[in-house]
Protein chains: 2
Amino acid sequence: MEQGTSKLVSEQSLKKFCNAVLCKAGVPADEASVVVDNLVQADLRGVDSHGVVRFPIYIKRLLDGGTNATPRPKVLRDSPTAVVYDGDNGLGHLVGVRAMQLAIDKSHEHGGCAFVAVRNSNHFGAAAYYAEMAARQNMIGFAFTIGAINHMTPWGGAEAMLGNNPFAVAFPTPTGDPIVLDMACSIAARGKIIVAAKEGKPIPADWATGPDGLPTTDAVEALKGFVVPVGGPKGYALTLTVGLLSTMLSGAFFGSEVGDLYEKTGEAQNSGHLFGVLPVAAFDEVPNYMARIQKGMDDIRNAKRAPGVDRIYLPGEREQLSLLSRRENGLPLGEGLWRELQELAQRYDVPLTHID
Amino acid sequence: MEQGTSKLVSEQSLKKFCNAVLCKAGVPADEASVVVDNLVQADLRGVDSHGVVRFPIYIKRLLDGGTNATPRPKVLRDSPTAVVYDGDNGLGHLVGVRAMQLAIDKSHEHGGCAFVAVRNSNHFGAAAYYAEMAARQNMIGFAFTIGAINHMTPWGGAEAMLGNNPFAVAFPTPTGDPIVLDMACSIAARGKIIVAAKEGKPIPADWATGPDGLPTTDAVEALKGFVVPVGGPKGYALTLTVGLLSTMLSGAFFGSEVGDLYEKTGEAQNSGHLFGVLPVAAFDEVPNYMARIQKGMDDIRNAKRAPGVDRIYLPGEREQLSLLSRRENGLPLGEGLWRELQELAQRYDVPLTHID
């Protein structure tokens, strides 16, 4: 079992559990399964920060009325290449999948590039899931989202006005497993600062600032402050860009309007996303593209390695290996998360069992 | 005058000089002026690394046959949303402007999103120029390019297989001056390492690796090695993504195929770019978008500031202020660059005079 984990759970058990809880929280069964496939995929891929660790807050928001369990999303504007989609405050995973599917369908129908701008959505989990949907249809896929909490300042600022906004880009490959970039814009995840604060340890000077906007190595001060963007002003410009892409075309919340996923759980977040697809076939014969990207993958993988490095990975490759391993061996859940899920299990009378 | 500079040159003199030299190197006058406007715009915006500092190598490549002075670019594939454009090995600035204009024209014609993938191009200068072209037409503009030299390794590698690939995204704003992100993927520009090496000074441990792929603070070793991507594996994935976007749809060179702008100046580089536009009007009424982005800009600018910070800038705003100032006061050119330009002035019998 991976270190620091308490329980191993099979993919099937975890999905069954999450499905049952979502249904008891009022989500229709077919929609619950769309959400759960997306959610658990993040855990399978080893991106634990965006998987079931967020499940309890999603449920809380459904119960408190901050998220709509039975949304009726609708298309507000429609054309062959540009769509605006209103998620009716549904779970972000559901709204996101429907919106990216719309982009893919538009592209299949018209043979061209298509973008879908989303409003009235919620935290949608890991961006890679959506970009990969497109890549598996031989399209380059883009997914941008506004973060569900503001944790970053403008460069030089001392006020959280920006999310650590993530985005993903996925490329079709001959094996079917996409090359996929999925990144947010901070140097270090806020979770690492939380751990350091709990252990009373200092943090590197470039991870965070205190509430005054000045660098700090004190993890407790850092938690009152802000995470620092990757590359300083570069990361600031990047997270601002991802935030604007995700909100300005659709009218989702940005800047001072953005709420907090974990607070005011009875209020809608009006989160925004932007999904896009560039179908390979619109630019070239697919086999030509596949030959090119295979050569590119070979170049990267076969590059001379630094001492002590066994293997060079393409973006998304470690996650794919995690998926195969965890599908086979089960998903490790930390102690705190296990307890939270057991509380949900009791409340909803839905069992969650571990493997060993 | 700015520190470390030798001469101040007016915008008009510099443009006239560059135009004349390009014409003497065989470039038709109307095409030369497209290139020069683009090139000098980078200097005006304060992005000196991508302006006339590259002019001597562009001229050398034209003379040595590595770049085609009289290209006949052509559309290889055409559709309302996806175009493949062959630059016929013309100057990247010319090919890039023509290609982005194609994307803008497609969008005006069909009212939708449009992307143009480019092959057989060359170093195109600063990516912001192209993205801003779209933004000034009320479109969100994207510009991606493959770098003209490989300076980066795959993460864990010890072989230059990736460029420090830049990209730009620009947003229309109510003032007409776009918000524009323009970034490459390294922590520090290679130019800073060159300066440290000349001065015999060490560099921070996270800027570069030696030729073995391991971190070094020795600037001389670093110059034999590789620049480090911003955020480590994040920057690796990002530069790979920008590289794939710029080349895979068009069949431009990638990875081991990529040459060196400064070497083999008689061989074509087959550089690739990707340009894209999302017209605001396809998603919402333009005034609605403008009201939203104005509010977003106000949020960022008016955020509480860290101690000692006078003003918070939006991406592209410092560059716009530089442009206004340098248009008024002239462009500062370093001593080395001034000498190089004077050599061109003598060779082509074209005067370049400074202001004072």
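Each chain gets a letter, A, B and so on, in the order the sequences are listed, and its residues count up from 1.
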Interatomic distance, [X] atom [atom1] to [Y] atom [atom2] [nearest 0.5 angstrom]:
X	Y	atom1	atom2	answer
A:Asp212	B:Lys304	CG	NZ	7.5 Å
B:Met248	A:Phe283	CE	CZ	14.5 Å
B:Ile140	A:Leu249	CD1	CG	4.0 Å
A:Asn302	B:Met161	CG	CE	8.0 Å
A:Asp299	B:Asn150	CG	CG	9.0 Å
A:Tyr236	B:Met183	OH	CE	14.0 Å

Option that, when pairs with chain A are counted at under 4.5 Å, heavy atom only, ranks first among [options]:
options	value
B:Arg77, B:Glu159, B:Arg311, B:Arg301	B:Arg77
B:Ile179, B:Asp310, B:Val280, B:Leu238	B:Leu238
B:Gly157, B:Ala184, B:Gly255	B:Gly157
B:Thr209, B:Leu245, B:Asp182	B:Leu245

Side chain, backbone, both or neither of [X] within contact of chain B (heavy atoms, under 4.5 Å):
X	result
A:Tyr85	neither
A:Val83	backbone
A:Thr247	backbone
A:Ala281	backbone
A:Ser250	backbone
A:Arg292	both

Checklist entry - Can B:Ser256 and A:Lys295 be counted as having a side-chain donor-acceptor contact under 3.5 angstrom? => result yes

Checklist entry - Considering all heavy atoms of both residues, which atom of B:Ile312 and which atom of A:Pro154 are nearest to each other, and what is their separation? => result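 It is CG2-CB, 3.7 Å.
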
Next on the checklist: Minimum heavy-atom separation for A:Leu181 and B:Ala237, please, with both atom names.
Outcome noted: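 A:Leu181 and B:Ala237 have their closest heavy atoms at CD1-CB, 3.4 Å.
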
Checklist entry - Just by modelled atom types, is the B:Ile187 backbone N or O under 3.5 Å from a matching donor or acceptor in the A:Lys234 side chain? => result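 No.
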
Next on the checklist: Could you check whether any side-chain N or O of B:Thr81 sits under 3.5 Å from a backbone N or O of A:Cys113, counting only pairs where one atom can act as donor and the other as acceptor?
Outcome noted: yes

Next on the checklist: Could you check, using the six-membered ring where one of them is a Trp, whether B:Phe115 and A:Phe115 have ring centers closer than 6.0 angstrom?
Outcome noted: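 Between B:Phe115 and A:Phe115, the centre distance is under 6.0 Å.
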
Shorter than 4.5 Å, heavy atoms on both sides: which option in [options] has the most such pairs with chain B?
options	result
A:Gly156, A:Gly112, A:Gly276, A:Ala170	A:Gly156
A:Gly111, A:Gly235, A:Pro211, A:Ser186	A:Ser186
A:Gly251, A:Ser79, A:Ala117	A:Gly251
A:Gly316, A:Gly243, A:Pro315, A:Gly213	A:Pro315
A:Ala160, A:Ala158, A:Pro80	A:Ala158
A:Leu162, A:Ile293, A:Asp78, A:Val169	A:Ile293

Checklist entry - Taking side chain as C-beta onward, heavy atoms only, is A:Asp284 less than 4.5 Å from B:Leu76? => result no

Item to check | A:Leu274 and B:Leu278, any side-chain heavy atoms less than 4.5 Å apart | outcome: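 In contact.
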
Item to check | Non-neighbouring partners of A:Ser107 that pass side-chain contact (heavy atoms from CB on, under 4.5 Å), sequence neighbours left out | outcome: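 Counting only residues at least two positions away or on another chain, A:Ser107 forms a side-chain contact (heavy atoms from CB on, under 4.5 Å) with A:Met139, A:Val277, A:Pro279.
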
Item to check | Interface residues of residues 224-232 of chain A facing chain B - heavy atom cut-off under 4.5 Å | outcome: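 So far as heavy atoms go, A:Val230, A:Gly231 are the residues that approach chain B to under 4.5 Å.
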
Structural part of [X] lying under 4.5 Å from a heavy atom of chain A:
X	result
B:Leu244	both
B:Arg305	both
B:Leu314	both
B:Phe167	side chain

Next on the checklist: Does B:Phe171 form a side-chain contact (heavy atoms from CB on, under 4.5 Å) with A:Thr241? I'd like the steps, not just the answer.
Outcome noted: CA-CA 9 Å; B:Phe171 297 87; A:Thr241 296; 3.9 Å; yes

